[in-house]
Amino acid sequence: QKEVEQNSGPLSVPEGAIASLNCTYSDRVSQSFFWYRQYSGKSPELIMSIYSNGDKEDGRFTAQLNKASQYVSLLIRDSQPSDSATYLCAVNRGAGSYQLTFGKGTKLSVIP
Amino acid sequence: EAGVTQFPSHSVIEKGQTVTLRCDPISGHDNLYWYRRVMGKEIKFLLHFVKESKQDESGMPNNRFLAERTGGTYSTLKVQPAELEDSGVYFCASSRAQGAGSPLHFGNGTRLTVT
């Protein structure tokens, strides 16, 4: 079983729609969870972090965490073509180090 | 604030040669990390420096890889001798501290191709 699993996509959504990206993880003691956006040839860019169960909203982005189900998701409302990128889910076991475990990423395409 | 910078952006070397990758973290960031992504795989942790000290090098694949951070500023990652399976993108990242409020910033990576 992979440690962090994501659907590789591509996930295609029309402009203005909600994009839903999902991630599951295997390590039950994971404490912190991150979503990174990566454009081709560029650095991963942190867009959301979440540490406790429930929803966390930041602008058009909402991260959802369910530790019992070992599931974390990212919703992007009013998707824009500029949101087209690969979205990486990353999980951290503890608080002492950013030894992140990444998923392979989901490629999102927002169709104008 | 300047971001994490990595040199070179691309490197093509032959099997058996040596390559040195460099990372300049964001100024004031004591924590520096190396990660890499080999073709078709996920990004994986290699090691973590706190200032000039290696905090965790559990992700280093073998003794052909040597990371240094003399003076606690920039870091180098040397691969000697390089093998075909070392090809991939090597990312450096830095953070001021750990935990919420101190995010991890990544560089654009060095794409290494070993032929």
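Fair warning: this is a prediction, and the values are worked out from it, not measured in the lab. So you know, we letter chains A, B, ... as the sequences are listed, proteins then strands, and number each from 1.
Phe61(A) is connected to Trp35(A) through a chain of hydrophobic side-chain contacts under 4.5 Å among Ile, Leu, Val, Met, Phe, Trp and Tyr, so both are in one cluster. Hydrophobic clustering (ILVMFWY, side-chain heavy atoms < 4.5 Å, transitive): Phe45(B) and Val50(B) are in distinct clusters. Under the 4.5 Å side-chain heavy-atom criterion for ILVMFWY residues, a single connected hydrophobic cluster contains both Val13(A) and Ile47(A). Hydrophobic clustering of Ile, Leu, Val, Met, Phe, Trp and Tyr side chains at less than 4.5 Å, counting indirect connections, keeps Ile76(A) apart from Ile111(A). Each of Met48(A) and Leu75(A) belongs to its own hydrophobic cluster when Ile, Leu, Val, Met, Phe, Trp and Tyr are linked at side-chain heavy-atom distances under 4.5 angstrom.
Only the side chain of Ser58(B) comes within less than 4.5 Å of a heavy atom of chain A; its backbone N, CA, C and O stay farther away. Residue contact with chain A, scored on non-hydrogen atoms closer than 4.5 Å, involves the side chain of Arg37(B) exclusively.
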Trace of the side chain to side chain contact (heavy atoms under 4.5 Å, CB included) decision for Val4(A) with Glu42(B): CA-CA 9 Å; Val4(A) 177; Glu42(B) 61 276 11; over 6 Å; no
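Of the listed residues (Gln6(A), Lys42(A), Gln38(A)), the one with the most heavy-atom contacts under 4.5 Å to chain B is Lys42(A). No other option in Gly103(A), Ala90(A), Pro44(A) has as many heavy-atom pairs under 4.5 Å with chain B as Pro44(A).
More than 12 heavy atoms of other residues, nucleotides or ligands lie within 6.0 Å of CZ in Arg22(B), so this atom counts as buried by the packing criterion. Around atom NZ of Lys54(B), more than 12 heavy atoms belonging to other residues, nucleotides or ligands sit under 6.0 Å away. The 12-atom threshold is not exceeded at OH of Tyr74(B), counting heavy atoms of other residues, nucleotides or ligands nearer than 6.0 Å.
Without hydrogens or angle criteria, Tyr35(B) side chain to Leu100(A) main chain gives a donor-acceptor distance under 3.5 Å. A side-chain donor-acceptor contact under 3.5 Å links Asn108(B) to the backbone of Ser43(A). Put simply, the side chain of Tyr98(A) never gets that close to the backbone of Ser95(B): no donor and acceptor are under 3.5 Å apart.
Within residues 65-72 of chain A, no residue has any heavy atom closer than 4.5 Å to a heavy atom of chain B.
Interatomic distance, Ile43(B) CD1 to Tyr36(A) OH, rounded to the nearest 0.5 Å: 9.0 Å. To the nearest 0.5 angstrom, Gln99(A) atom CD is 11.0 Å from Gln55(B) atom CD.
In the hydrophobic clustering (ILVMFWY side chains linked at under 4.5 Å, chained through shared members), Leu46(B) is joined by Ile13(B), Val19(B), Leu21(B), Leu32(B), Trp34(B), Leu47(B), Phe49(B), Met60(B), Phe65(B), Leu77(B), Val79(B), Leu84(B), Tyr90(B), Leu112(B), Val114(B).
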